[in-house]
Amino acid sequence: MIDFRSDTVTTPDEAMREAAATAAVGDDVYGEDPTVNELEARVADRLGTEAALYFPTGTMANQTAAHVHTEPGQEVIADRESHVVKYELGGLAQHSGLQLRTLDADRGVPSPSRVDAAIVDEDLHRPGTGLCCLENTHNARGGLAIEPGAIAAAATAARERGVSVHLDGARLFNAATALDVSVAELAAPVDSVMVSLSKGLGAPVGSMLAGSDEFVERARRTRKLFGGGMRQAGIVAGPALEALENVADLERDHENARLLAAGLDDIDGFDVREPETNIVIADVSGTGEAPSTVVDRLGERDVLASPFGPTTVRFCTHRDVSRGDIERTLERIGDEFA
């Protein structure tokens, strides 16, 4: 079975398993887990922030950031295809009493003028805008690697109006790899940033939320409120530290994605543009079948993918998929849709 459903399906390698077995641990709610503390310090250093905080999931980290930056009733600006809008179960409303103002933004990032136009000032009748959420890479738009200038322009427009900016950087290391820049450069314009260690980097558990010392201290309290206070979390932070050493492997995932995309595009019924990172979106309308049917047929050939829209299927490359797996996948799909 070759699994392209997500880069979250990776399994820990031997180095990660060894790190879990030998990690020094303590009670992280008391700030006494040395492995977690090391992970947080190392990630903050990579991102160029004052501090970072370890979370079980990226969704919890995103929701915590929104809760800290805002007050109930305020509006949050976000691209209508962004993760916080589509895939977090309405958490902004449920957890923090926030309203969404969605934009259909070019490449998922609104221009400065659109940001400015979307911001609502607080007055007697309106609670105002409390947060602007950006995303990099942009998952639902095909793993787009958003250029530093686009992030900086949108963030500057929001902050000039007194609105905080959070960056959902679940795959920020993929974006940095594709753009050949540092993650710190991509994170520099925003007030807070989330990065996932359990996607392309392969950690079994965990995401990080980073920002100023003051922001992270407030986030620590909110994490506890949301049920994210962990105890001897060094058991999973150890493998996450190992995962940070896998950044160089992401370029291989991107190369495999390009190889997969080119091969799929040569198969009748599949229309695929060249991916920017590790996410391949195939329009399968030419097959005359629904994406779910196409996915079922692929499953019969031991290839797992995900329906991703009315006419599209998503394939996600990762460190557990080799070049040989790509070649076998293309052979199987070519035979199935010949």
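Heavy-atom basis, side chains included; hydrogens, waters and symmetry copies ignored. Keep in mind it's a predicted model, so treat the numbers as computed, not measured.
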(request) Report yes if the side chains of Arg332 and Leu298 come closer than 4.5 Å at any heavy-atom pair, otherwise no. (result) no

(request) Locate the shortest heavy-atom distance separating Val163 from Cys132; write the atom from each residue and the value. (result) CG1-N, 3.7 Å

(message) Once salt bridge (charged side-chain N to carboxylate O under 4.0 Å, His left out) is applied, do any residues pair with Asp325, and if so which ones, sequence neighbours excluded?
(response) Arg328

(message) Can you see whether Asp79 engages His138 through a side-chain donor-acceptor pair at a distance of less than 3.5 angstrom?
(response) yes

(request) Show the numbers, then the answer: is there a side chain to side chain contact (heavy atoms under 4.5 Å, CB included) between Ser207 and Thr57? (result) CA-CA 5 Å; Ser207 293; Thr57 72; 5.6 Å; no

(request) Report yes if the side chains of Leu209 and Val216 come closer than 4.5 Å at any heavy-atom pair, otherwise no. (result) no

(request) Report yes or no: does Arg17 contribute a side-chain atom to a donor-acceptor pair with the main-chain N or O of Pro12 at less than 3.5 Å? (result) yes

(request) Starting from the C-alpha separation in whole Å, work towards a yes-or-no answer on side chain to side chain contact (heavy atoms under 4.5 Å, CB included) for Val84 and Val76. (result) CA-CA 10 Å; Val84 295; Val76 176; 5.8 Å; no

(request) Using modelled atom types only, decide if a donor and an acceptor are shared between the side chain of Thr129 and the backbone of Val120 within a distance under 3.5 Å. (result) yes

(request) Return yes when atom CG of Asp180 has more than 12 non-hydrogen atoms of other residues, nucleotides or ligands closer than 6.0 Å, and no otherwise. (result) no

(request) State whether the number of non-hydrogen atoms from other residues, nucleotides or ligands found under 6.0 Å of Asp268 atom CG is greater than 12. (result) no

(message) Under a 3.5 Å distance rule, please check whether Asn278 uses its side chain to pair with a backbone N or O of His318 as donor and acceptor.
(response) no

(request) Report the C-alpha distance between Leu201 and Leu250 in whole Å, list the side-chain angles of each, state the deciding distance to 0.1 Å, and finish with yes or no for side chain to side chain contact (heavy atoms under 4.5 Å, CB included). (result) CA-CA 8 Å; Leu201 299 184; Leu250 294 177; 4.0 Å; yes

(request) Kindly give the heavy-atom pair with the smallest separation between Val43 and Ala52, and that separation in Å. (result) CG1-CB, 4.3 Å

(message) Within this structure, what is the OG1-CG distance for the pair Thr59 and Asp168, rounded to the nearest 0.5 Å?
(response) 8.0 Å

(request) Would you give the length of the straight line joining atom CZ of Phe226 to atom OG1 of Thr64, rounded to the nearest 0.5 angstrom? (result) 5.0 Å

(message) So for atom NZ, which belongs to Lys224, do other residues, nucleotides or ligands contribute more than 12 heavy atoms lying within a distance under 6.0 Å?
(response) no

(message) Check this for me: Leu89, atom CG, are more than 12 non-hydrogen atoms of other residues, nucleotides or ligands nearer than 6.0 Å?
(response) no

(message) I want to check something: taking the side chain as every heavy atom from C-beta on, are Asp27 and Gln232 in contact at a cut-off of under 4.5 Å?
(response) yes

(request) Give a yes or no on this: more than 12 heavy atoms of other residues, nucleotides or ligands lie within 6.0 Å of atom CD of Glu255. (result) yes

(request) For Glu122 and Gly128, indicate whether the former's side chain and the latter's backbone hold a donor-acceptor pair under 3.5 Å. (result) no

(request) From the options Asp7, Thr177, Thr137, Thr277, select the one residue that forms a side chain to side chain donor-acceptor pair (under 3.5 Å) with Arg171. (result) Asp7

(message) Under 4.0 Å between a side-chain nitrogen and a carboxylate oxygen: does that hold for Glu251 and Arg258?
(response) yes

(message) With a 3.5 Å distance limit and no angle check, can you tell me whether Ser96 reaches the backbone of Leu98 through a side-chain donor-acceptor pair?
(response) no

(request) Please report the closest heavy-atom contact between Pro110 and Leu103, naming both atoms and the distance. (result) CB-CD1, 3.7 Å

(message) Would you say that Gln99 contacts Pro127 through its side chain, given a criterion of any heavy-atom pair below 4.5 Å between the two side chains?
(response) yes

(request) Could you pull out the closest heavy-atom pair between Ala20 and Ile235, with the gap in Å? (result) CB-O, 3.3 Å

(request) Look at Arg42 together with Glu245 and state whether they make a salt bridge at an N to O cut-off of under 4.0 Å. (result) yes

(request) Determine yes or no for a side-chain-to-main-chain donor-acceptor pair under 3.5 angstrom, with Thr287 supplying the side chain and Glu289 the backbone. (result) yes

(request) Give the minimum heavy-atom separation between Pro239 and Ala19, together with the two atoms involved. (result) N-CB, 3.9 Å

(request) Would you give the length of the straight line joining atom CD1 of Ile151 to atom CG of Asn136, rounded to the nearest 0.5 angstrom? (result) 5.0 Å

(request) Find the distance between CG (Leu330) and CG (Leu264) and round it off to the nearest 0.5 Å. (result) 5.5 Å

(message) Would you say that Val205 contacts Tyr54 through its side chain, given a criterion of any heavy-atom pair below 4.5 Å between the two side chains?
(response) yes

(message) Closer than 4.0 angstrom, basic N to acidic O: yes or no for Asp106 and Arg114?
(response) no

(request) May I ask whether Ile146 and Leu47 are part of the same hydrophobic cluster, defined by side-chain heavy atoms of I, L, V, M, F, W, Y residues being less than 4.5 angstrom apart, directly or through others? (result) yes

(message) Strictly distance-based, threshold 3.5 Å: is any side-chain N or O of Glu276 a donor or acceptor partner for the main-chain N or O of Ala145?
(response) yes

(message) Quick check: do Ile326 and Phe315 have side-chain heavy atoms less than 4.5 Å from each other?
(response) no

(request) State which residues pass salt bridge (charged side-chain N to carboxylate O under 4.0 Å, His left out) with Glu147; sequence neighbours excluded, sorted by chain then number. (result) Arg107

(request) Please check if the side chain of Asp320 supplies one atom and the backbone of Thr11 the other of a donor-acceptor pair under 3.5 Å. (result) yes

(message) What I want to find out is whether Asp116 reaches Arg161 closely enough, with some N-O distance under 4.0 Å, to be called a salt bridge.
(response) yes

(request) Begin with the C-alpha distance, continue with both residues' side-chain angles, and end with the deciding distance and a verdict on side-chain hydrogen bond (donor to acceptor under 3.5 Å, both in side chains) for His166 and Asn62. (result) CA-CA 8 Å; His166 172 65; Asn62 279 339; 2.8 Å; yes

(message) Do Leu186 and Pro148 make a side-chain contact, defined as non-hydrogen atoms from C-beta onward lying under 4.5 Å apart?
(response) yes

(message) What verdict does the side chain to side chain contact (heavy atoms under 4.5 Å, CB included) test give for Thr49 and Met208, after you've listed the backbone C-alpha separation in whole Å, the side-chain angles of each residue and the deciding distance to 0.1 Å?
(response) CA-CA 12 Å; Thr49 61; Met208 309 298 297; over 6 Å; no

(message) Using a 3.5 Å distance criterion without hydrogens, assess whether the side chain of Glu135 forms a donor-acceptor pair with backbone atoms of Asn139.
(response) yes

(message) I'd like to know if the side chain of Asp28 reaches the main chain of Asp33, judged simply by a donor and an acceptor atom lying under 3.5 Å from each other, with no hydrogens or angles considered.
(response) no

(message) If the threshold is 4.0 Å, N to carboxylate O, is there a salt bridge linking Glu327 and Arg323?
(response) yes

(request) State, yes or no, whether a side-chain contact exists between Phe337 and Arg297 at a heavy-atom distance under 4.5 Å. (result) yes

